[in-house]
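For reference, the structure discussed in these notes is given below.
None of these values were measured; they are calculated from a predicted model. Residue indices begin at 1 and follow the sequence shown.
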Amino acid sequence: MTVTLREIRRLQDKVAEEIKELKENPDADYDRLAELRTLSFNISMVFLRYSMEKDSTEIELGPADSKIVSALKPFKQEQEKKQEAETERKKSATMAEFVDNICTLSKDCLDEIVFMKESLELCRNKIFRQNLEIRLESALKGMEEIYSLRTDAKKLSLWKNEVLHGREDAAKLLGSIKTEKKAAASRENGKKGGRPRKIQEKKSGKSQKSAKRI
């Protein structure tokens, strides 16, 4: 088993800590305490052999170091899990910070787009104004969609884990955005009776036969 002296030093610290806890416990497992003391002695022998080496030095543990090897395996697995968890935590923190910055920028863009839309009243050319309105409305929806990532965990997860392509996906996402403007439009539509129901006409057997003859 190839390990660094730093890894063995970490194991030594853990063993020393466990020995201390057992010595302070009146109901301690003395067999375990004796086992740990033997392991601590073996670790000390390793450091004696490599007393002139740095902690980063890699060494090969042989059959004589079997107790250290047995203790190192679960210890290394535990350290790797902690390291992976810490890496994931840092990634999540970085992503959260990035999303927060993007949402802040999108809010600034929203304010600018709203100001631009209000400024269109000064434009006397109707066609030009309408073209600008269409594009600003599209930009407004896009910025609202990005800004909603701050509070919409489901959408954020979708954006992080799925690749979205084309206008169809964009249309679905834009349609899922809930805004006060949309809610007001829905309320007005509801006053008028809402969306008309689709009426499916069932054709009789005779009409189907006549259609075939035609």
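With a 4.5 Å cut-off on side-chain heavy atoms, L72 and L61 count as touching. Side-chain contact between I59 and Y50 is present, with heavy atoms from C-beta onward closer than 4.5 Å. In this structure, C103 and V99 have side chains that are in contact, with non-hydrogen atoms separated by less than 4.5 Å. Annotation: side chain of W159 is in contact with side chain of I146 (closest heavy-atom distance under 4.5 Å).
Residues forming a salt bridge (Lys or Arg N to Asp or Glu O under 4.0 Å) with R10 (at least two apart in sequence, or on another chain): none. Partners of E118 by side-chain hydrogen bond (donor to acceptor under 3.5 Å, both in side chains), not counting sequence neighbours: none found. When the side chain to side chain contact (heavy atoms under 4.5 Å, CB included) test is applied to S119, the partners found at least two apart in sequence or on another chain are F115. Residues satisfying the salt bridge (Lys or Arg N to Asp or Glu O under 4.0 Å) test with K82, not counting sequence neighbours, are E78. Scored by the side-chain hydrogen bond (donor to acceptor under 3.5 Å, both in side chains) test, S157 finds N161 as partners (sequence neighbours excluded). For S51, there are no side-chain hydrogen bond (donor to acceptor under 3.5 Å, both in side chains) partners at least two apart in sequence or on another chain. Residues meeting the side chain to side chain contact (heavy atoms under 4.5 Å, CB included) test with T151, sequence neighbours left out: none. By the side chain to side chain contact (heavy atoms under 4.5 Å, CB included) test, L122 pairs with no residue at all, sequence neighbours left out. Remark: K81 engages no residue in a side chain to side chain contact (heavy atoms under 4.5 Å, CB included) (not counting sequence neighbours).
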Can you give the donor-acceptor pairs under 3.5 Å from side chains of residues 37-46 to other protein atoms, not counting sequence neighbours?
unit_1 : atom_1 : unit_2 : atom_2 : d
T38    : OG1    : A34    : O      : 3.0
S44    : OG     : S40    : O      : 3.0

Could you pull out every donor-acceptor pair under 3.5 Å between side chains of residues 20-31 and any protein atom, sequence neighbours left out?
unit_1 : atom_1 : unit_2 : atom_2 : d
N25    : OD1    : D27    : N      : 3.1
D29    : OD1    : D31    : N      : 3.1
D29    : OD1    : R32    : N      : 3.4

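L136 and I113 make their closest contact through O-CG2, 3.6 Å (heavy atoms, listed as atom of the first residue, atom of the second, distance). Across all their heavy atoms, L5 and K54 have their closest contact at CD1-O, 3.3 Å. Among all heavy-atom pairs drawn from V15 and L36, the shortest one is CG1-O, 3.6 Å. The shortest non-hydrogen separation linking S56 to T4 is O-CG2, 3.9 Å.
In this structure, the side chain of N101 does not engage the main chain of F98 through any donor-acceptor pair within 3.5 Å.
The pair K67-E35 fails the salt-bridge criterion, with no side-chain N (NZ, NE, NH1 or NH2) lying under 4.0 Å from an Asp/Glu carboxylate O.
A side-chain hydrogen bond (donor to acceptor under 3.5 Å, both in side chains) check over residues 102-113, counting only residues at least two apart or in different chains, returns the pairs T104-R150, K107-D111.
Counting heavy atoms of neighbouring residues, nucleotides and ligands inside a 6.0 Å radius, atom CZ of F128 does not exceed 12 of them.
Here CD of E18 is found 9.5 Å from CG of L33. Values are rounded to the nearest 0.5 Å. In this structure, the separation between CG on L140 and NZ on K117 is 5.5 Å, given to the nearest 0.5 Å. Rounded to the nearest 0.5 Å, atoms CE (M1) and CG (D65) are 11.0 Å apart. The OG atom of S148 sits 13.0 Å away from the NZ atom of K154 when rounded to the nearest 0.5 Å.
Inspection of the E60 and T2 side chains reveals an N or O donor paired with an N or O acceptor under 3.5 Å.
Clustering ILVMFWY residues whenever any of their side-chain heavy atoms sit less than 4.5 angstrom apart, transitively, puts L105 in a cluster other than the one holding L156.
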